[in-house]
Amino acid sequence: MKSSGARTALSNSRQRPLRRILAAVAAFALGAGLAVVGAAAPASAHTGDLLAKAVCNTTTGEYDVTYTLKLTNVGSGLTGTTKWRVGTTSFQGTPNSASGMDRGPISSKGNTTLTLGTESLPGTTKGGGPWVYAYTSWSDGFGKGSDGRIEGLKGDCSAPKPKEIPVPVQPSIVDVCGTSGDYVVEPRAAEGVSWSISPIVDGKAKATATAKPGYVFTDGTALKSWDLEFTNVPCIVEIPVPPKPAASDVCGVDGDAIELPDDTDTVSWTIEGDPKTGAATAVATAAKNHAFPGGATEQRYEYTFTNEPCPVIVPEPVAPEIVDLCSVDRDDVVLPEETEQLVWRVEGEPSSGSATAVVETKDGYTFEDGTTERRFELSFTDEPCPIELPVPAKPAAIDLCGVDGDEVVLPADTDTVSWTLEGDAGTGTATAVATAAEGHVFESGETVERFVFEFDQTECVTPTLDGSSAAALCVANVPWIDFDVVLTDPDEQSTGHTAYLVLSDGTNTEKVELGPLREDGTIDGRVLWPGAEIDEAGAPTAWPGWKQLPNGRWVVTEENFGWTHSLTSAFIEVNPELSIDLEYPPAVVGCGPASKPAGTPGTPVPVASGDGDGQGLASTGFAGGPAIAVAGGLVLAGALALAVQLILRRKRA
């Protein structure tokens, strides 16, 4: 039973998926079919009803026809686009696309009524009007064509009989010179008439009278037009009357003339007759399209000329010379000599500061301009005579080697003479200028004296310390430095005259003054090594690199110029400087605390360290450092000997 049940269950389990698949296929097919039916049904239900309504317009006497399209059975969410056109009175078939539609598109949504537009038909139309066609496309892809027209027109639409009004007359025009002032005189307002006047272009304009609706001209027309033309005659420009030209009427006739102005764009000049004959006329003629006040185009000016003989022309005189010296008492006017043509005289006194020299022509003579007199206004200064000063002596100058020290030593300015310098001694040349004060002059007659200086520009010889030396030595256990300084400075360029010895290890520096140089630029002598001291008897009391403990012992230290023990060189300095070899006296010659047994009265005992306990090794003439090294070597030798003995014992054992 169980086995059979198991098979049955297995069989059922295998069959269930198959049944489920078949059921799903059937459901899908059924749903798809229903969907197709559901989609097709609404689309096929879209409808459009095209309607036309006519109203008689009693003003125009025409039918105003309004076309509408009523859309029904359209889903509320669908949008549409409608295009349409007006056909003829013959039916052409309901459209099945928007092709050929010349109006629209008009948008819509859902069910609605669209106003397509309005057309006018003659009021005498009877029966049906023209067919109107429309085509609507919806957003679901469905399209629908519609058609319709107005029916039953009786042809009884007419407007009231228009009122007759007089035929208007042609408007007048204003046509003046040129074109800027031309215009059409607009007619006065009249019942039932409207006017249209175009702008004037190329001398032409158009005036149109139109009968308003409900009116007609007595000749049965409703429109009258006139073509108007204008001339373009240039305007006459009025110009002022020119002044009478100047004329020359001199002696004789050769110089007689009328001085005509230059021609302009508006006036040209001519001369009628000849001044040399005694009469002439200047004529001013207005240019084309121009006129003088009153309309005249010509102005005439009459001239008469005399014929008196001319005097002899004399050359223009030269202004006389004046003598204008200091103080007015010596001022004077030097007149030219009198001739058969000219006479000279002086008006006024030069001592007053001014005078006038006057020259006149004699009878029968004249200057070129026809006058007979020339006046020369003369002015004289009233400056006091200057005080004479002796010519100053040439200033001193300093001319050294090179250029830096060269100069001109100008004297101090005084109340009567001031000094300035032109140029620069450093360039090799300079000029001292002495200027006399106002109211003064040098005996030479000049107010400025100049003194030129030339300077030698040979380069200066650089100072040296060649030949200078310094040496360390130990004398009676005292470290000394012997020195010999020689400054060679032929051009006196050195700025220092005291010699120094400079010791330095790069960290510590000591500058020892050796003393001022003698007049010959040398100095020699001996100085203690820095850190060394002696008493009045010359016995040493201190050494560099050593210090004495309270118990009397001397120990090696870095203090008291201990660093100088490592020096190998130094500098001699004056300005310039010189590097020299210099070392502390070697230990073999002493120059340190004496080496005697400890406890000897008055004798210092060196030790190997600075602990001051009195247990250091005794020195026999060498510095503490070497003694410590020897003692260490002895200890090392003893240890080595002991090690050898131990090795031998082990071998024997």
Side-chain angles (χ1 to χ4, degrees), residues 27-160 162 194 210 212-214:
F28 175 76
L30 179 59
L34 293 175
V36 170
V37 173
S44 64
H46 302 346
T47 61
D49 189 7
L50 200 158
L51 304 174
K53 182 178 180 181
V55 177
C56 178
N57 188 331
T58 59
T59 300
T60 62
E62 295 180 335
Y63 290 109
D64 292 338
V65 184
T66 301
Y67 299 101
T68 60
L69 179 64
K70 185 177 182 180
L71 300 176
T72 58
N73 298 325
V74 181
S76 60
L78 296 179
T79 58
T81 300
T82 300
K83 294 185 177 181
W84 67 286
R85 68 181 176 86
V86 178
T88 65
T89 57
S90 299
F91 181 71
Q92 297 175 337
T94 301
N96 56 13
S97 72
S99 176
M101 303 294 126
D102 59 352
R103 307 188 191 187
I106 301 173
S107 299
S108 63
K109 185 175 182 181
N111 293 325
T112 186
T113 298
L114 304 177
T115 298
L116 301 181
T118 301
E119 290 286 327
S120 295
L121 299 177
T124 57
T125 303
K126 294 182 179 181
W131 284 94
V132 176
Y133 306 98
Y135 186 82
T136 304
S137 300
W138 281 275
S139 56
D140 61 354
F142 185 74
K144 179 68 174 180
S146 303
D147 58 70
R149 69 171 180 170
I150 189 69
E151 299 285 354
L153 297 177
K154 298 179 180 181
D156 57 355
C157 180
S158 62
S194 61
T210 305
K212 296 180 180 179

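This is a predicted model, so every value here is computed, not measured. Residue numbers count from 1 along this sequence.
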| task | Sort out for me which residue in V55, V65, T66 forms a side chain to side chain contact (heavy atoms under 4.5 Å, CB included) with T118. | result | T66
| Side chain R149, main chain G129, donor-acceptor under 3.5 Å | yes
| said: Quick check on side-chain hydrogen bond (donor to acceptor under 3.5 Å, both in side chains): which of T124, D156, T125, N57 does Y63 satisfy it with? | reply: D156
| query | Is there a side-chain contact between L69 and L71, using heavy atoms and a 4.5 Å cut-off? | reply | yes
| field | Distance in Å, K144 NZ paired with D49 CG, rounded so as to fall on 0.5 Å steps | value | 10.0 Å
| message | Measuring from atom OG1 of T94 to atom CG of D147, what distance do you get when rounded to the nearest 0.5 angstrom? | response | 3.5 Å
| message | I need the K83 NZ to T136 OG1 distance, nearest 0.5 Å. | response | 11.5 Å
| Roughly how far, to the nearest 0.5 Å, is CH2 of W131 from OG1 of T89? | 10.5 Å
| query | Do any N or O atoms from the side chain of S146 and from the backbone of G48 form a donor-acceptor pair under 3.5 angstrom? | reply | yes
| task | Just say parallel, tilted or perpendicular for the rings of H46 and W138, cut-offs at 30° and 60°. | result | tilted
| Heavy-atom donor-acceptor pair, S137 side chain to T81 backbone, under 3.5 Å | no
| If every non-hydrogen atom of M101 is compared with every non-hydrogen atom of P95, which pair is closest and at what distance? | CE-CB, 3.9 Å
| Distance-minimising heavy-atom pair for D140 and F142 | OD1-N, 3.1 Å
| task | Could you check whether the rings of F91 and Y133 sit parallel, tilted or perpendicular, using 30° and 60° as the cut-offs? | result | tilted
Please set out all donor-acceptor pairs under 3.5 angstrom arising from side-chain atoms of residues 107-116, sequence neighbours excluded.
unit_1, atom_1, unit_2, atom_2, d
N111, OD1, N73, N, 3.0
N111, OD1, V74, N, 2.7

| Pairing residues for E119 by the salt bridge (Lys or Arg N to Asp or Glu O under 4.0 Å) criterion, not counting sequence neighbours | R103
| task | Mind checking the CD-CG spacing from E151 to L153? Nearest 0.5 Å is all I need. | result | 8.0 Å
| query | Mind checking whether P130 and T88 have side chains closer than 4.5 Å, heavy atoms only? | reply | no
| field | Heavy-atom side-chain proximity of I150 to L121 below 4.5 angstrom | value | yes
